[in-house]
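Shown next, in structure tokens, is the structure this report addresses.
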Amino acid sequence: MLSGQILDAMISSCENAKSVLRQAAIDPADRKTLNISMGATVAADMLGRTPEALSKAEARGRLPAPKTASNGRRYYTVEDLIAIREALGIKMGKAPDERAVVLAVQNFKGGVSKSTTAKHLADYLGLRGYRVLVVDCDPQASMSVMFDVNLEAMVDETHTLSNFLSPRMDDADSFRKTIQKTAWPNIDICPANLGLQDTEWELTATIEEGPDAIAGAFRMLRIGLEEVRYDYDVVILDPPPAMGFLGVNTLTAADGLLIPVPARQLDYLSTIHFMQTCREAMTLVSRFDTSIDYGFIRVVCTMFQPNRTNEAQMLQVMEKTYAGQLLSTPILLSEEIKNAGLQMSSIYEINKPYGSHQTYTRCRDNLNMVFREVEKDICKQWPSRIGQLGTDRLTEAA
């Protein structure tokens, strides 16, 4: 059998298996639905209030009576959090005249938890009440799969990110048309599809067309995002694991960088190369566009196992060499995150722990600590929020 026939057979078999795996993960619904419920303590934490403050507001009639479980405990949904913020005047995100912060979660070393970190960050910000747009720029489309985008239905769709970015498409004139709703009421996605790899090659071909064409190819995503910069609070970019034209597009479009790095020597060394390549790309782009300047660059240690001596030592090296840009809390390696991923979900989207409740709570609280640091960096980009930093936790619902 020829190699092409072997690959065709493997692809066909895998496609059939994919539908079975997807059905098992999202059974019985055809599409992913959001079924998050959280107790008063978790809900209050996401609202920046205390459980007692929520209880007082409910008792005074400022909030409707909460839902109660069979054991009498209060619980809340994502929709409830949105309604509570509206009722209590809790304002999250930017002012209407400010622009969304565009954050690229980037590292082109595979296996560093790039897409998983981006997905959890998006869900965390969604729970906190921000309006979030996720842009999947990776042809592997891992982020799109986690948000349950039907990639097969996009094959003949003309309004896709790949068509918008393609320099050879004349009818893909609106970035807004590439955006789809997700199961989250305040998170949208611009999904990746199979055509992104072809788009990469088409963008590369602009090298032969001269400096103006190259400059335009570098700025395609940045130009597209200008259409929606006032519609969202945060735009999260999930770039491809390479510094081609798609990767440079994300660097050009971003206001900030979050670089995930495990505390392993090979990943550390690879990230040095990534940073060098980023710097070279910025120098290259500056010849065509001098306005690239990041509001913040952060490194987050991922998949950390503190009981492993070599990782603990490597984390110390990272703390000393990342020039104060390393987040103070590493993301711990957790079976809860891995098991949630098997269900195309984040830890925030599951209600029943796969292991012990203590392990689940430790995992969620760890992620909250990590992303609160990122959230502060995001808020610093909005003049309207600078004075509010550190005052979002109030003891009264008033």
Side-chain angles (χ1 to χ4, degrees), residues 101-122 124-125 138 142-143 234 236-243 247 250-251 254-283 292-338 341 346-347 359 362-381:
V101 173
V102 181
L103 173 61
V105 183
Q106 175 65 309
N107 191 334
F108 54 55
K109 171 71 169 63
V112 299
S113 195
K114 176 176 65 71
S115 294
T116 300
T117 300
K119 165 63 173 167
H120 280 83
L121 175 59
Y124 166 83
L125 292 172
D138 188 348
S142 298
M143 180 70 81
V234 182
I236 296 178
L237 308 180
D238 187 28
M243 198 56 74
T250 61
L251 287 179
D255 300 315
L257 297 180
L258 180 62
I259 306 171
V261 186
R264 300 188 296 245
Q265 187 176 41
L266 184 60
D267 295 297
Y268 177 82
L269 296 175
S270 176
T271 301
I272 296 174
H273 177 55
F274 163 72
M275 293 177 180
Q276 291 170 337
T277 306
C278 281
R279 191 66 190 91
E280 291 169 1
M282 291 173 64
T283 301
I292 298 175
D293 186 20
Y294 299 124
F296 60 96
I297 299 175
R298 288 292 202 165
V299 179
V300 57
C301 177
T302 57
M303 300 184 291
F304 183 59
Q305 301 177 83
N307 58 336
R308 291 196 172 185
T309 303
N310 60 330
E311 292 196 20
Q313 293 173 340
M314 197 67 237
L315 180 62
Q316 292 179 349
V317 173
M318 294 167 68
E319 290 171 342
K320 293 177 180 178
T321 58
Y322 280 143
Q325 304 308 311
L326 180 70
L327 297 182
S328 62
T329 304
I331 297 178
L332 301 176
L333 182 69
S334 175
E335 287 296 315
E336 290 293 322
I337 293 178
K338 183 185 299 183
S346 74
I347 192 73
T359 301
R362 182 169 60 247
C363 176
R364 185 195 64 214
D365 291 348
N366 167 243
L367 290 171
N368 288 349
M369 289 179 64
V370 173
F371 296 142
R372 283 226 160 88
E373 289 191 64
V374 180
E375 181 184 1
K376 288 181 180 179
D377 282 324
I378 290 171
C379 290
K380 288 177 182 176
Q381 310 311 305

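Keep in mind it's a predicted model, so treat the numbers as computed, not measured. Below, all heavy atoms of this structure are taken into account, side chains as well, without hydrogens, waters or symmetry copies.
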>> Please find the pair of heavy atoms, one from K114 and one from P239, that lie closest to each other, and give the distance.
In response: NZ-O, 2.6 Å
>> What's the separation between atom OG1 in T271 and atom CE in M318, rounded to the nearest 0.5 Å?
In response: 7.5 Å
> Measuring from L327:CG to K376:NZ, what's the distance to the nearest 0.5 Å?
Replying inline: 11.5 Å
> Does any non-hydrogen side-chain atom of I331 lie less than 4.5 Å from one of L367?
Replying inline: yes
> Between CG of L257 and CG of D377, what distance do you get to the nearest 0.5 Å?
Replying inline: 11.5 Å
>> Once rounded to the nearest 0.5 Å, what's the spacing between atom OG1 of T302 and atom NE2 of H120?
In response: 12.5 Å
>> E280: which residues meet the salt bridge (charged side-chain N to carboxylate O under 4.0 Å, His left out) condition with it, sequence neighbours left out?
In response: none
> For S334, what residues pass the side-chain hydrogen bond (donor to acceptor under 3.5 Å, both in side chains) criterion, not counting sequence neighbours?
Replying inline: none
>> According to ring-ring contact (aromatic ring centres under 6.0 Å, His included), who are the partners of F304, at least two apart in sequence or on a separate chain?
In response: none
>> Is there a side-chain contact between V105 and P260 in this structure, where contact means two heavy atoms from C-beta onward sitting under 4.5 Å apart?
In response: yes
>> If you compare all heavy atoms of T116 against all heavy atoms of S113, which two are closest, and at what distance to 0.1 Å?
In response: CB-OG, 3.4 Å
> How far apart are the C-alpha atoms of V299 and M275, what are their side-chain angles, what is the distance that settles it, and do they pass the side chain to side chain contact (heavy atoms under 4.5 Å, CB included) test?
Replying inline: CA-CA 11 Å; V299 179; M275 293 177 180; 4.0 Å; yes
> Looking at T329 and V300, what are the two nearest heavy atoms and their distance?
Replying inline: O-CG2, 4.4 Å
> Counting only heavy atoms not in Q325, do more than 12 sit closer than 6.0 Å to its CD atom?
Replying inline: yes
>> Suppose we screen for salt bridge (charged side-chain N to carboxylate O under 4.0 Å, His left out). Which residues come up paired with D267, at least two apart in sequence or across chains?
In response: K109, R264
> What distance do I236 atom CD1 and L125 atom CG have between them, rounded to the nearest 0.5 Å?
Replying inline: 5.0 Å
>> Applying salt bridge (charged side-chain N to carboxylate O under 4.0 Å, His left out) as the test, list every pair that has at least one member in residues 327-337; sequence neighbours left out.
In response: E335-K338
> What residues form a side-chain contact (heavy atoms from CB on, under 4.5 Å) with D365, not counting sequence neighbours?
Replying inline: T361, N368
>> Could you work out, with ring-ring contact (aromatic ring centres under 6.0 Å, His included) as the rule, every residue matching Y268, not counting sequence neighbours?
In response: Y322
> Is a side-chain donor or acceptor of S270 paired with a backbone partner of L266 at a separation under 3.5 angstrom?
Replying inline: no
> Sub-3.5 Å donor-acceptor pair from the side chain of N107 to the main-chain atoms of L258, do we have one?
Replying inline: no
>> Minimum heavy-atom separation for G247 and Q106, please, with both atom names.
In response: CA-NE2, 4.5 Å
> Considering all heavy atoms of both residues, which atom of R298 and which atom of G324 are nearest to each other, and what is their separation?
Replying inline: NH1-O, 3.8 Å
> Looking at residues at least two apart in the chain, or sitting in another chain, which of them share a side-chain contact (heavy atoms from CB on, under 4.5 Å) with S115?
Replying inline: S142, M146, D238
> Roughly how far apart are R308 CZ and M314 CE, rounded to 0.5 Å?
Replying inline: 15.0 Å
>> Which heavy atom of L326 sits nearest to which heavy atom of C301, and what is that distance?
In response: CD1-N, 4.1 Å
> Any salt bridge (charged side-chain N to carboxylate O under 4.0 Å, His left out) pairs touching residues 309-318, not counting sequence neighbours?
Replying inline: none
>> Just to verify, what does Q316 make a side-chain contact (heavy atoms from CB on, under 4.5 Å) with, not counting sequence neighbours?
In response: E319
>> Using the side-chain contact (heavy atoms from CB on, under 4.5 Å) criterion, which residues pair with D255? Sequence neighbours excluded.
In response: V101, V102, R229
>> My understanding is that only residues two or more places apart in sequence, or in another chain, count here; which of them pass side-chain hydrogen bond (donor to acceptor under 3.5 Å, both in side chains) with T359?
In response: S356
